[in-house]
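Worksheet: one structure, shown below.
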Protein chains: 2
Amino acid sequence: MSEHLIDYPVVVERFKTLLKANALKFTKQRELVLKCLYDHKGHFTPEEIQTLIQKQNPTLNVGIATIYRTLALLEEENLASSLSFGTQGKRYEFGMHQHHDHLICTQCGTIIEFFDEALEARQDAIAKEHQFQMQDHTMKIYGICNTCQSQQR
Amino acid sequence: MSEHLIDYPVVVERFKTLLKANALKFTKQRELVLKCLYDHKGHFTPEEIQTLIQKQNPTLNVGIATIYRTLALLEEENLASSLSFGTQGKRYEFGMHQHHDHLICTQCGTIIEFFDEALEARQDAIAKEHQFQMQDHTMKIYGICNTCQSQQR
DNA sequence: CTTATTGCAAACGTTTTGCACGTTT
DNA sequence: AAACGTGCAAAACGTTTGCAATAAG
């Protein structure tokens, strides 16, 4: 059973199509980054992604610059999305733009995703009120997760 | 007429009190950073703040490290708050922690602040649903502001 | 006179870039 | 063969830190 709504072969096909449309090339490195995000549920830094790829492909050496370049590409093509934190850089996750927001535990760093219809509707309304043509939005709720709360006693 | 709810002398007094309470010293540099934020409505990077201070005090040289240290201090004391963007660092604004969120124009960079009761309530509910002990939250709506929309035709 | 604060420069971690070499089309 | 992609190392960026000199209490 797949963790995703879309099977991997379909995702790769989509990626190939998008690359072709932009006169870009389908390379082993690009595929590995995509696959890594698809296979690992979670939010990863470029460095973590490099390590994960390294672990499964000990022969190949994928440079960190390539990881960065590929992640930017994937995000542009809506095959991945990033979450940015203050000074500590960005984290990426697989995703074909099913929008969602995040609960972030300030203790253990766990990230929980959620989607709330009412919140979305309110955001639309606010943008409209300010005559803003909304392109995107992010919402982060910081706090202490249930697990960490229990451990504090 | 002041742009703020609180007059500057009151702010400085508050700052002095807070410093004293923590056995910290009231210095010219700290005052200049506070005054700069108070005087300039907007969201500024540490570097921009340094430049603004420099411009009004050509004789004095306030190091960037001091700006960073002071901004962290002001934020801790709730005299300023920061907004962080992806890789491009933080921006600070004056403020005694009246919570608000932001609309950000992806074209011209303008930041519009707003506060929405319904949004806040929904956030509280979501945190509760996930058994999260909420500490803070941020919400950013990205889009094209009214002015930029007009100019595009 | 004690203690905190400053500016400087070096260190930092993350991200980007220039370039010669390799790979895809 | 042409064009794009790669790894590498260097550079860039925003931020933090150690330190000797300085200023506040």
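Only this structure's heavy atoms are used, side chains among them; waters, hydrogens and symmetry mates stay out. Residue numbering restarts at 1 for every chain, and letters A, B, ... go by the order of the sequence lines. Note that the structure is a prediction, hence the values are computed from the model and not measured.
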Please check the phosphate of [N] (OP1 and OP2 only) for any side-chain N or O of [X] closer than 4.0 Å.
X: Q29(B); N: dG7(C); answer: yes
X: T27(B); N: dT6(C); answer: yes
X: Y68(B); N: dT16(D); answer: no
X: N61(A); N: dC8(D); answer: yes
X: T45(B); N: dG14(D); answer: no
X: R69(B); N: dT16(D); answer: no

Which one, dG5(D), dG25(D), dT15(C), comes nearest to the side chain of F26(B)?
dG25(D)

Hey, could you give me the OH/CD1 distance between Y92(A) and I67(A), rounded to the nearest 0.5 Å?
11.0 Å

Steps toward side chain to side chain contact (heavy atoms under 4.5 Å, CB included) verdict (K140(A), D101(A)):
CA-CA 6 Å; K140(A) 294 182 203 159; D101(A) 293 306; over 6 Å; no

Using whole Å, report how far [atom1] of [X] lies from [atom2] of [N].
X: I64(B); N: dA11(C); atom1: CD1; atom2: C1'; answer: 16 Å
X: F85(A); N: dT15(D); atom1: CZ; atom2: C1'; answer: 18 Å
X: E75(A); N: dT16(C); atom1: CD; atom2: P; answer: 11 Å
X: E48(B); N: dT15(D); atom1: CD; atom2: P; answer: 11 Å
X: L32(A); N: dG5(D); atom1: CG; atom2: P; answer: 16 Å
X: Q88(B); N: dT14(C); atom1: CD; atom2: C1'; answer: 13 Å
X: K20(A); N: dC4(D); atom1: NZ; atom2: C1'; answer: 15 Å
X: R30(B); N: dT22(D); atom1: CZ; atom2: C1'; answer: 14 Å

What's L24(A) touching, base or sugar-phosphate or nothing? Going by heavy atoms closer than 4.0 Å.
sugar-phosphate

Have a look at E47(A) and say if it touches a base, only the backbone sugar-phosphate, or nothing, with a 4.0 Å heavy-atom cut-off.
sugar-phosphate

Option among H4(A), H43(A), H40(A) that satisfies the ring-ring contact (aromatic ring centres under 6.0 Å, His included) test with F94(A):
H4(A)

Has the side chain of K90(A) got a donor or acceptor atom sitting under 3.5 Å from an opposite partner on the base of dT14(C)?
no

Ignoring hydrogens and angles, does a donor from either the side chain of K25(A) or the base of dA3(D) sit under 3.5 Å from an acceptor on the other?
yes

5′-ward residue of the pair A65(B)/K28(B) relative to DNA chain D:
A65(B)

Any side-chain donor paired with an acceptor under 3.5 Å for E75(A) and S81(A)?
no

Filter on salt bridge (Lys or Arg N to Asp or Glu O under 4.0 Å), then keep only pairs touching residues 17-36 of chain A, sequence neighbours left out; what's left?
K35(A)-D39(A)

